[in-house]
Amino acid sequence: MGRYRKKRNIMSLDLTPLIDVVFLLLIFFMVSTTFNKYGKIDIDVPTSTVINKTEESKIEIVVDKDENYFIIKDGKTYPINIDDLSEHLSGVKEVSVTGDKNLKYQTIMDVITKIKKQGIENLGINFYE
């Protein structure tokens with residue numbers, strides 16, 4: 001004995017009123033917007049200046065295996081005393097320290113300490129054999 005089942009209708013969403021509302025909003029925004037052909041936007045443009053960069057003074061301090069100190073400045077090598085190092089560092093922006101590979105680290109650290117006391121921040125360290 002069969003029962004008669006009633007078929008359910010699948011619910012569907014009608015999009016016609018939604019489309020009507022979207023078109024009404026589109027028309028509203030088109031009508032209420034004012035177009036100004038001659039409007040401008042102020043933009044703060046960054047400015048820059050060209051500075052002629054002069055060559056900064058650079059020197060190289062070389063310490064050999066016998067703890068002799070030399071300064072290489074402008075392509076010329078000068079022997080110096082480590083106690084007079086502060087006199088040679090006046091006006092210098094960059095220093096490179098080159099030492100022998102077999103040299104004690106304390107010797108290089110002493111030179112670096114004297115350089116840092118002069119306020120020089122650009123420092124390079126090299127080693128040679």
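Being a predicted model, the structure only gives us computed values, none of them experimental.
- Following chains of ILVMFWY side-chain contacts shorter than 4.5 Å, one cannot reach Phe23 starting from Phe28, and the two form parts of different hydrophobic clusters.
- Across every non-hydrogen atom of Gln118 and Leu89, the tightest pair is CG-CD1, 3.7 Å.
- Side-chain atoms of Asp74 never come within 3.5 Å of backbone atoms of Lys76 as a donor-acceptor pair (strictly under, hydrogens ignored).
- Of the options Val21, Leu15, Asp14, a side-chain contact (heavy atoms from CB on, under 4.5 Å) to Pro17 is made by Asp14 and by none of the others.
- The shortest heavy-atom contact between Leu103 and Lys65 is CD1-O, 4.2 Å.
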I would like to know whether Ile125 and Ile112 meet side chain to side chain contact (heavy atoms under 4.5 Å, CB included); could you show each step before the answer?
CA-CA 9 Å; Ile125 302 173; Ile112 291 172; 3.4 Å; yes

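- There is a path of hydrophobic side-chain contacts, each under 4.5 Å, that joins Ile120 to Val111.
- In this structure, Thr98 and Phe70 have side chains that are not in contact, with every pair of non-hydrogen atoms separated by 4.5 Å or more.
- For the pair Tyr69/Leu85, no side-chain contact is recorded, criterion being any heavy-atom separation below 4.5 Å from C-beta on.
- When side chains are defined from C-beta on, Ile72 counts as touching Thr77, because their heavy atoms get closer than 4.5 Å.
- Both Phe127 and Val97 belong to a single network of hydrophobic side chains, linked directly or stepwise wherever heavy atoms of I, L, V, M, F, W or Y lie under 4.5 Å apart.
- For the atom pair NZ of Lys58 and CG of Asn122, the computed distance is 9.5 Å after rounding to the nearest 0.5 Å.
- Between Glu94 and Glu121 there is no side-chain heavy-atom pair separated by less than 4.5 Å.
- Counting only residues at least two apart or in different chains, salt bridge (Lys or Arg N to Asp or Glu O under 4.0 Å) contacts with residues 106-115 comprise Asp83-Lys114.
- A distance of 11.0 Å separates CD1 in Ile80 from NZ in Lys73, rounded to the nearest 0.5 Å.
- Between Ser96 and Ile61, the closest side-chain pair of non-hydrogen atoms is not below 4.5 Å.
- Under the 4.5 Å side-chain heavy-atom criterion for grouping Ile, Leu, Val, Met, Phe, Trp and Tyr, Ile59 is connected to Leu123 within one hydrophobic cluster.
- Residues Ile115 and Val92 are members of one and the same hydrophobic cluster, defined by side-chain heavy-atom contacts under 4.5 angstrom among Ile, Leu, Val, Met, Phe, Trp and Tyr.
- Contact between Tyr128 and Asp64 at its shortest, heavy atoms only, is OH-CA, 3.3 Å.
- In this structure, CG on Asn68 lies 11.5 Å from CD1 on Ile82, to the nearest 0.5 angstrom.
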